[in-house]
Amino acid sequence: MAKLVSSALQLPDSEINMKEIVENFGKISCNSHSIDNSDLKFVGTGLYPVISFTNHSCAPNSFVVFEGRLAVMRAMQHMPKDTEVLTSYIELSDSTMTRQKFLKEKYCFTCSCSRCIKLGQPDDIRETAIVEGYWCKKSDCDGFLLCGSDNKGFVCQKCGLIRDNKAISAITNELKRISDKASISLSFGHTTEASVAYKRVEELELKLYHPFSISIMRTRAKLLKISMDLDDMEGALLNIRSIIQIYERVYPKWHPLIGARCYLCGQIEMELGYMVGAIESLTKAYNVFRITHGTNSPLTMKITSKLEEARRAKALASFGRMKI
């Protein structure tokens with residue numbers, strides 16, 4: 001896209017229509033789709049005019065998968081006749097307010113799906129507090145915090161405990177300092193140092209946020225990659241399992257991202273010799289991908305093969321040849 005605009009700008013002024021360039025750039029930006037390969041890894045971007053007519057929902061009933069360059073719209077649930085096919089344009093794990101803001105800024109509309117119409121309602125406020133807000137610091141309380149009427153602190157909506165702004169600011173400032181340090185260490189390839197720093201980030205985040213918060217999920221995703229880079233499979237397994245718990249809260253039941261994480265979890269469990277867990281994780285992955293990708297897709301067949309391998313290994317384990 002940048003090369004296209006750059007080439008256009010090399011034309012003589014008499015041949016440049018900036019309004020047309022901007023309009024076309026906007027059309028491509030808003031209607032293009034990220035193309036993933038069979039392993040759900042990004043490989044490029046394409047324009048699919050028919051699929052672009054599909055409306056958005058934060059509670060989608062379909063998902064786009066790619067078979068080479070061919071884009072296929074697959075249902076994630078049973079849809080009766082005349083049901084509108086809906087897909088998601090955005091990240092679904094964010095709070096309603098964050099999703100609405102992004103959609104308004106990039107796509108210029110306000111979503112009114114089944115999730116977004118709950119904006120400001122008690123359930124939505126609680127969900128926002130879980131994924132993005134502060135949480136009560138009492139170990140035996142699962143209440144969420146809202147800003148007090150005097151703006152001096154945050155009040156737990158369950159037990160009434162107040163966390164003053166100074167205490168929260170002290171943690172957030174330290175969190176930013178350690179996060180910056182972790183990011184720099186990682187950028188310079190100091191993986192072990194980054195691992196220590198991100199574990200400290202996780203500790204601080206757990207003092208502020210709910211265990212299912214998006215911030216903690218993203219930190220654990222970094223720790224997962226670092227653990228795998230350091231060949232710390234036990235650490236990787238701990239992180240992938242906690243990530244799956246969050247994914248299962250914030251994504252639709254049959255979302256491919258859940259399947260992808262379960263598949264990775266199963267592979268790690270197999271490497272560690274935990275075949276019972278591997279069979280459970282791979283079965284979850286298979287059940288997702290048989291719906292989103294179909295039973296004959298390369299990815300689904302790869303998972304089927306792994307599942308059969310895990311079952312054979314479990315059978316051998318019954319003879320004392322492998323731990324479970």
Side-chain angles (χ1 to χ4, degrees), residues 36-42 91 93 131 175 178-179 181-207 209-251 255-289 292 299-300 302-314 316-317 321-324:
D36 298 330
N37 62 16
S38 61
D39 291 323
L40 297 182
K41 294 180 180 178
F42 174 80
E91 171 57 57
S93 62
V131 300
L175 187 56
I178 302 297
S179 294
K181 179 181 177 181
S183 180
I184 292 171
S185 296
L186 196 59
S187 66
F188 280 98
H190 301 156
T191 313
T192 302
E193 291 179 13
S195 176
V196 172
Y198 276 119
K199 286 177 181 176
R200 177 57 180 157
V201 168
E202 182 185 27
E203 290 176 3
L204 290 170
E205 287 178 334
L206 285 169
K207 291 182 178 180
Y209 310 128
H210 189 280
F212 290 163
S213 82
I214 301 305
S215 294
I216 293 176
M217 180 186 77
R218 289 169 180 161
T219 297
R220 287 175 176 164
K222 292 172 184 174
L223 283 169
L224 169 64
K225 185 178 185 307
I226 290 171
S227 295
M228 296 185 72
D229 289 343
L230 294 173
D231 201 28
D232 174 17
M233 291 298 104
E234 291 286 358
L237 182 58
L238 182 66
N239 283 296
I240 190 66
R241 283 176 172 173
S242 66
I243 290 170
I244 289 172
Q245 285 184 319
I246 300 175
Y247 271 39
E248 289 177 336
R249 284 196 75 263
V250 298
Y251 291 111
H255 198 285
L257 288 178
I258 295 178
R261 289 305 191 183
C262 288
Y263 180 34
L264 177 58
C265 186
Q267 290 176 294
I268 294 172
E269 288 165 331
M270 283 188 70
E271 184 170 339
L272 291 170
Y274 302 142
M275 294 305 158
V276 172
I279 291 170
E280 182 180 346
S281 297
L282 292 171
T283 299
K284 284 183 179 179
Y286 173 80
N287 286 336
V288 171
F289 287 121
T292 61
L299 179 56
T300 309
K302 191 185 299 184
I303 294 170
T304 301
S305 177
K306 280 287 183 183
L307 189 52
E308 291 172 354
E309 182 183 342
R311 286 170 176 159
R312 287 194 299 269
K314 181 178 178 293
L316 289 173
R321 299 180 185 178
M322 182 175 277
K323 65 181 178 179
I324 299 180

- Query: What are the two closest heavy atoms between S195 and I226, and how far apart are they?
  - Reply: CB-CG2, 3.6 Å
- Item | Non-hydrogen side-chain atoms of M217 and R249 separated by less than 4.5 Å | no
- Item | Minimal non-hydrogen separation, D231 against E271, with atom names | OD1-OE2, 4.2 Å
- Test log, rule side-chain contact (heavy atoms from CB on, under 4.5 Å), inputs I178 and E203: CA-CA 11 Å; I178 302 297; E203 290 176 3; over 6 Å; no
- Task: Check step by step if side-chain contact (heavy atoms from CB on, under 4.5 Å) holds for Y209 and L175.
- Result: CA-CA 12 Å; Y209 310 128; L175 187 56; 4.1 Å; yes
- Atom pair CG/CE of L237 and M228 - distance to nearest 0.5 Å: 10.5 Å
- Message: Can you tell me how far apart CG (L224) and CD1 (I268) are? Round to the nearest 0.5 Å.
- Response: 5.5 Å
- Query: So with a 6.0 Å cut-off around CZ of F42, is the heavy-atom count from everything else above 12?
  - Reply: yes
- Item | Pairwise distance OH(Y286) to SG(C262) - rounded to 0.5 angstrom | 15.0 Å
- From CA spacing to verdict: salt bridge (Lys or Arg N to Asp or Glu O under 4.0 Å), E308, R311: CA-CA 5 Å; E308 291 172 354; R311 286 170 176 159; over 6 Å; no
- Message: Determine whether a donor-acceptor pair (N or O, by modelled atom type, separation under 3.5 Å) exists between the side chain of S281 and the backbone of A278.
- Response: no
- Audit row: L282, M270, side-chain contact (heavy atoms from CB on, under 4.5 Å) steps and yes/no: CA-CA 10 Å; L282 292 171; M270 283 188 70; 3.9 Å; yes
- Rounded to the nearest 0.5 Å, how far apart are CD1 of I214 and OG1 of T219? 11.0 Å
- Query: Any luck finding a side-chain donor-acceptor pair between S213 and E205 under 3.5 Å?
  - Reply: no
- If every non-hydrogen atom of A194 is compared with every non-hydrogen atom of A182, which pair is closest and at what distance? CB-O, 3.9 Å
- Task: Using the side-chain contact (heavy atoms from CB on, under 4.5 Å) rule, take K306 and Y263 through it: C-alpha gap first, then chi angles, then the decisive distance, then the call.
- Result: CA-CA 9 Å; K306 280 287 183 183; Y263 180 34; 4.2 Å; yes
- Message: So which atom in Y251 and which in I258 form the shortest heavy-atom distance, rounded to 0.1 Å?
- Response: CB-CD1, 4.0 Å
- Query: Roughly how far apart are K302 NZ and Q267 CD, rounded to 0.5 Å?
  - Reply: 8.0 Å
- Over all heavy atoms of both residues, which pair between I244 and C265 is shortest? Give the atoms and the distance, please. CD1-CB, 3.7 Å
- Item | side chain to side chain contact (heavy atoms under 4.5 Å, CB included), paired with I216, selected from V131, I243, V201, L206 | L206
- Message: Between E269 and R241, does any side-chain N to carboxylate O distance fall below 4.0 Å?
- Response: yes
- Query: Is there a donor-acceptor contact under 3.5 Å from the side chain of S227 to the main chain of L223?
  - Reply: yes
- From E280 CD over to L307 CG, what is the distance, rounded to the nearest 0.5 angstrom? 11.5 Å
- Query: Between R312 and E309, is the closest basic N to carboxylate O distance under 4.0 Å?
  - Reply: no
- Closest heavy-atom pair and its distance - D232, G235: OD1-N, 3.0 Å
